[in-house]
Amino acid sequence: MRIATWNVNSIRARHDRIGAWLDRSDVDVLAIQELKCKDSQFPEELFTERGYEVSYHGLNQWNGVAIASRVGLADTEIGFEDIPAFGSEEPVVEARALSVTCNDVRIYSLYVPNGRELDHPHYAYKLDWYKALTADIAAQLSAEPEKKLVLCGDFNVAPLDEDVWDMAEFEGATHISDAERAAFDDLLGAGLSEVTRQFTPGPGVYTFWDYQKLRFPKKQGMRIDFQLASQALAKTATAGEIDREERKGKGASDHAPVIVDYDV
DNA sequence: ATGGCCTCACTTTGAGGA
């Protein structure tokens, strides 16, 4: 079973590139983040024409998550237990989490909040979001230790110093702070292993390159997109890759697809 | 040439991204 995660940065702007990528990537399941559209604008035919079922959740021009599968797709859940809301006036639960079951594997598509600045309310929201997600996953794996489950997504944390091109550039910035890295580690502590790094070792290996300042040609990126699998699933991982070819050329997303093959 | 972006919307500037 071949599973990919990809922050596409607008499913409408990326429509043709996503179709071409599906045609050549041979993935069974694709977890998508940053749809940047509401449900009524979602291009279902992009997936159904290729034999994929698809579940999606988009509220407006921000965020949005989906999962497409050609090996079955059941029990769609939007959000997770006690998912935090954001906003001071009228807090809103954003479209950042969706899960489905494909071929007996519970699969999540997650778009973790960015955090913006260390002293911004969005940063506290990001940490709260991690905490609630960790509690939900820990409860599931505690109740069912052999459950096959994988969190796919844009985690908006660079767990290691080598996951950014220059730590000096990130002094005082989000994505590399101790609290964010601790939140990511705590999530792993719920019973998950990050399965992509073993197949794509660094340094200098990234999943995101900013559109600005020629970050991609200069090889200045960040590793922030991952697959976190429960032990029962992680032990079946046989191969993985970051498709940085997909970052090339006009009209690319700023994130590359991250693919893992599981022997299930 | 020593800086260089992209997407969306009640667009023609501002917000958000990371």
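Side chains included, hydrogens not; waters and symmetry mates left out as well; all remaining heavy atoms used. Reminder, nothing fancy here: chain letters follow the sequence lines and each chain counts from 1.
B:dC8 atom C1' lies 15 Å from atom CD1 of A:Ile11, rounded to whole Å. Rounded to whole Å, atom P of B:dA18 lies 14 Å from atom NE2 of A:His120. Between the OH atom of A:Tyr123 and the P atom of B:dG17 there is a distance of 15 Å, rounded to whole Å. For A:Arg215 and B:dC6, the CZ to P distance is 14 Å, given to the nearest whole Å. Rounded to whole angstrom, the span from the NZ atom of A:Lys126 across to the P atom of B:dG17 amounts to 10 Å. Spacing between atom CD of A:Glu117 and atom C1' of B:dG17 amounts to 12 Å, rounded to whole angstrom units. The interatomic distance linking A:Gln220 (CD) with B:dC5 (C1') rounds to 14 Å, in whole Å. In this structure, A:Gln212 atom CD and B:dC6 atom P are separated by 9 Å, rounded to whole Å.
Checked against the 6.0 Å centroid threshold, A:Trp129 and A:Phe80 count as a close aromatic pair. A:Phe47 has its ring centre no less than 6.0 Å from the ring centre of A:Tyr56. In this structure, A:His120 has its ring center no closer than 6.0 Å to that of A:Tyr123.
Under the 30°/60° scheme for interplanar angles, the aromatic rings of A:Phe184 and A:Phe155 are found to stand perpendicular.
Each of B:dG4, B:dC8, B:dC5 was ranked by its minimum atom distance to the side chain of A:Leu214; first place goes to B:dG4. In this structure, the nucleotide among B:dG4, B:dC6, B:dA18 sitting nearest to the side chain of A:Tyr211 is B:dC6.
B:dC10 and B:dG14 have their C1' atoms separated by 14 Å, with the value rounded to a whole Å. The gap from the C1' atom of B:dC8 to that of B:dG4 amounts to 23 Å, rounded to the nearest Å. Comparing the same atom, P, in B:dT11 and in B:dA15 gives a spacing of 15 Å after rounding to whole Å. Between B:dA18 and B:dT7, the two P atoms lie 14 Å apart (nearest whole Å).
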Between protein and nucleotides 9-16 of chain B, what N or O pairs are separated by less than 3.5 Å?
residue: B:dA9; atom: OP1; partner: A:Arg12; partner atom: NH2; Å: 3.3

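Using a 4.0 Å heavy-atom criterion, one finds that A:Phe170 contacts no nucleic acid atom at all. Across all strands shown, A:His255 has heavy atoms under 4.0 Å from sugar-phosphate atoms exclusively, and none from any base. Nucleic acid contact class of A:Asp225 (heavy atoms, under 4.0 Å, all strands): none. Residue contacts for A:Asn156: at a heavy-atom cut-off of 4.0 Å it reaches the sugar-phosphate backbone alone, with no base atom in range. Residue contacts shown for A:Asp154 are limited to sugar-phosphate atoms, with no base heavy atom under 4.0 Å away. Residue-level contact check: A:Lys250 touches neither bases nor backbone, having no heavy atom under 4.0 Å from any strand. Heavy atoms of A:Tyr111 sit under 4.0 angstrom from primed sugar atoms or phosphate atoms, though from no base atom.
Taking every heavy atom of both residues into account, A:Lys219 and A:Trp165 meet most closely at O-CB, 4.4 Å.
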Chi angles and distances behind the side chain to side chain contact (heavy atoms under 4.5 Å, CB included) call for A:His175, A:Lys126: CA-CA 10 Å; A:His175 292 67; A:Lys126 179 179 191 174; 4.1 Å; yes

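OP1 or OP2 of B:dC8 lies within a sub-4.0 Å distance of a side-chain N or O belonging to A:Ser10. Side-chain N/O atoms of A:Arg14 include none lying less than 4.0 angstrom from OP1 or OP2 on B:dC6.
Side-chain contact between A:Asp28 and A:Tyr52 is absent, with no heavy-atom pair separated by less than 4.5 Å. Within the 4.5 Å cutoff, no side-chain heavy atoms of A:Tyr108 are placed close to those of A:Ile67.
With hydrogens and angles left out, the side-chain atoms of A:Thr48 and A:Glu45 include no donor and acceptor closer than 3.5 Å.
If A:Lys218 and A:Gly115 are placed on DNA chain B by their nearest nucleotide, the residue sitting closer to the 5' end is A:Lys218.
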